> 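Let me begin by handing over the structure; questions about it come next.
Only heavy atoms go into these numbers, but all of them, side chains included; no hydrogens, no water, no symmetry mates. On a predicted model such as this, the values are computed, not experimentally measured, just so you know.
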Amino acid sequence: EITRIFKAVDNMKFKNNEQSKCFYQTVFRLLYCTGLRVGEVSNLKVDDVDLENNIVYVRSGKGNVSRMVPFKSWLTNYSESYSKESDTYFFESPRGGKRSTGTICAVFRNKILPMAGIKSSPLNGYKRGACVHSLRHSFACNALNQMIKSGKDPYCALPYLSVYLGHTSIVNTEIYLRLT
């Protein structure tokens, strides 16, 4: 499904707007590869992204938790192509200010998922179906699975994942252990 999602993102068409396409390609990859929340990505300011050291500083995320998150160098490509000196936010809206989380979520649910052949309606008794936050869950399960495969005790690995995800309690992270 992840492969289909990124193929759909890469095949999206925008009317004469290459920046929008690059924005969604970058944001959805950032969400999947780092486990950030969509609000944390939307709130990133230019000074929060250290392109030289490949670190994102999440300041006052959910629960007022701040943390550092490593990222891949493709954020540099976005910055070099579309950032202006006057930007306050890393992903500055074309009209100024930060990007709307509602719009990012709507594009994912209403455009990306259908193009990828993934239903967004709730299944098997769950309250909600696939959504942009599912990328965070996929990241967390994959990260925990990798730690377990490398020989780490799952219960010892869980606190690391909890801090990385910005959870205020390990209880919030335990769901990923059950999923994994």
> Taking a hydrophobic cluster as the set of Ile, Leu, Val, Met, Phe, Trp and Tyr residues connected by side-chain heavy atoms closer than 4.5 Å, whether directly or through intermediates, do Phe90 and Ile55 fall within one such cluster?
no
> Are the side chains of Val56 and Leu75 in contact, using a 4.5 Å heavy-atom criterion?
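They are in contact (side-chain heavy atoms under 4.5 Å apart), so the answer is yes.
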> Give, for atom CG of Asn17 and atom SG of Cys22, the distance between the pair rounded to the nearest 0.5 Å.
10.5 Å
> What's the spacing between Lys7 NZ and Ile112 CD1 if we round to 0.5 Å?
13.5 Å
> Provide the closest heavy-atom pair for Ala116 versus Ala8 in the form atom of the first, atom of the second, distance.
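The pair with the smallest heavy-atom distance is N-CB, 4.1 Å.
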> Between atom NZ of Lys119 and atom CZ of Arg109, what is the distance when rounded to the nearest 0.5 Å?
13.5 Å
> For the hydrophobic clusters of this structure (ILVMFWY residues joined by side-chain heavy atoms under 4.5 Å, transitively), does one cluster hold both Leu144 and Ile175?
yes
> Could you check whether any side-chain N or O of Asn142 sits under 3.5 Å from a backbone N or O of Ser138, counting only pairs where one atom can act as donor and the other as acceptor?
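Pair found, side chain donor or acceptor close to backbone of Ser138.
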> Are Phe14 and Val27 connected in the hydrophobic side-chain network, where two residues link if heavy atoms are under 4.5 Å apart?
yes
> State the SG-NE2 distance between Cys131 and His137, to the nearest 0.5 angstrom.
7.0 Å
> Write down the atom of Glu174, the atom of Leu158, and the distance for their closest heavy-atom approach.
CG-CD2, 3.7 Å
> Around Glu1, counting heavy atoms of other residues, nucleotides and ligands shown, do more than 12 lie under 6.0 Å from its CD?
no
> Verify whether the ring centers belonging to Tyr164 and Phe139 lie closer than 6.0 Å.
yes
> What do you reckon, is NZ of Lys84 surrounded by more than 12 foreign heavy atoms closer than 6.0 Å?
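Enclosed.
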> Check whether Tyr89 and Phe28 end up in the same hydrophobic cluster, where Ile, Leu, Val, Met, Phe, Trp and Tyr are linked by side-chain heavy atoms less than 4.5 Å apart.
no
> Write down the atom of Phe71, the atom of Leu30, and the distance for their closest heavy-atom approach.
CB-CD1, 4.3 Å
> Using every non-hydrogen atom in the two residues, find where Leu113 and Ala130 come nearest and quote the distance to one decimal.
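Heavy atoms of Leu113 and Ala130 come nearest at CD1-O, 3.6 Å.
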> Testing the basics here: between Asn172 and His167, what is the closest heavy-atom pair and its distance to 0.1 Å?
O-CE1, 3.5 Å
> Find the distance between CD (Gln146) and CG (Leu161) and round it off to the nearest 0.5 Å.
11.0 Å
> Looking at every heavy atom in both Ser60 and Ser66, which two are closest together, and how far apart are they?
N-OG, 2.9 Å
> What is the distance from atom CG of Asp153 to atom CD1 of Ile148, rounded to the nearest 0.5 Å?
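It is 8.5 Å, given to the nearest 0.5 Å.
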> side-chain contact (heavy atoms from CB on, under 4.5 Å) with Asp50: which of Asp48, Asn53, Asn54?
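For Asp50, the side-chain contact (heavy atoms from CB on, under 4.5 Å) test succeeds with only one of Asp48, Asn53, Asn54, which is Asn53.
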> Relative to the ring of Tyr82, is the ring of Tyr78 parallel (under 30°), tilted (30 to 60°) or perpendicular (over 60°)?
tilted
> Check this for me: Tyr160, atom OH, are more than 12 non-hydrogen atoms of other residues, nucleotides or ligands nearer than 6.0 Å?
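No - once you tally the heavy atoms of other residues, nucleotides and ligands closer than 6.0 Å, there are 12 at most.
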> Mind checking whether Val107 and Ile2 sit in one hydrophobic cluster, side chains of I, L, V, M, F, W, Y counted as touching below 4.5 Å?
yes
> Taking C-beta and beyond as the side chain, do Tyr57 and Val49 meet within less than 4.5 Å on heavy atoms?
no
> Are any non-hydrogen side-chain atoms of Arg136 and Leu165 less than 4.5 angstrom apart?
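The answer is yes; the side chains approach within 4.5 Å.
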> Is any side-chain heavy atom of Phe108 closer than 4.5 Å to a side-chain heavy atom of Val9?
no
> Distance-only check: which donor-acceptor pairs under 3.5 Å involve side-chain atoms of residues 35-46, not counting sequence neighbours?
residue: Arg37; atom: NH1; partner: Glu40; partner atom: OE2; Å: 2.7
residue: Glu40; atom: OE1; partner: Arg37; partner atom: N; Å: 2.9
residue: Glu40; atom: OE1; partner: Arg67; partner atom: NH2; Å: 2.9
residue: Glu40; atom: OE2; partner: Arg67; partner atom: NH1; Å: 3.0
residue: Glu40; atom: OE2; partner: Arg67; partner atom: NH2; Å: 3.4
residue: Ser42; atom: OG; partner: Arg99; partner atom: O; Å: 2.5
residue: Asn43; atom: OD1; partner: Lys98; partner atom: NZ; Å: 2.6
residue: Asn43; atom: ND2; partner: Gly39; partner atom: O; Å: 3.0

> Is the Phe6 ring parallel, tilted or perpendicular to the Tyr32 ring (thresholds 30°, 60°)?
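Because their plane-to-plane angle is over 60°, the rings of Phe6 and Tyr32 count as perpendicular.
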> Side-chain contact test, heavy atoms from C-beta onward, threshold under 4.5 Å: evaluate it for Asn11 versus Met115 and give yes or no.
yes
> Within a reach of under 6.0 Å around CE of Met12, are more than 12 heavy atoms found that belong to other residues, nucleotides or ligands?
yes
> Is any NZ, NE, NH1 or NH2 atom of the basic residue among Arg29 and Asp10 found under 4.0 Å from an Asp or Glu carboxylate oxygen of the other?
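Salt bridge present between Arg29 and Asp10.
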> Judged by atom type as modelled, is there a donor-acceptor pair below 3.5 Å linking the side chain of Ser83 to the main-chain atoms of Glu80?
no
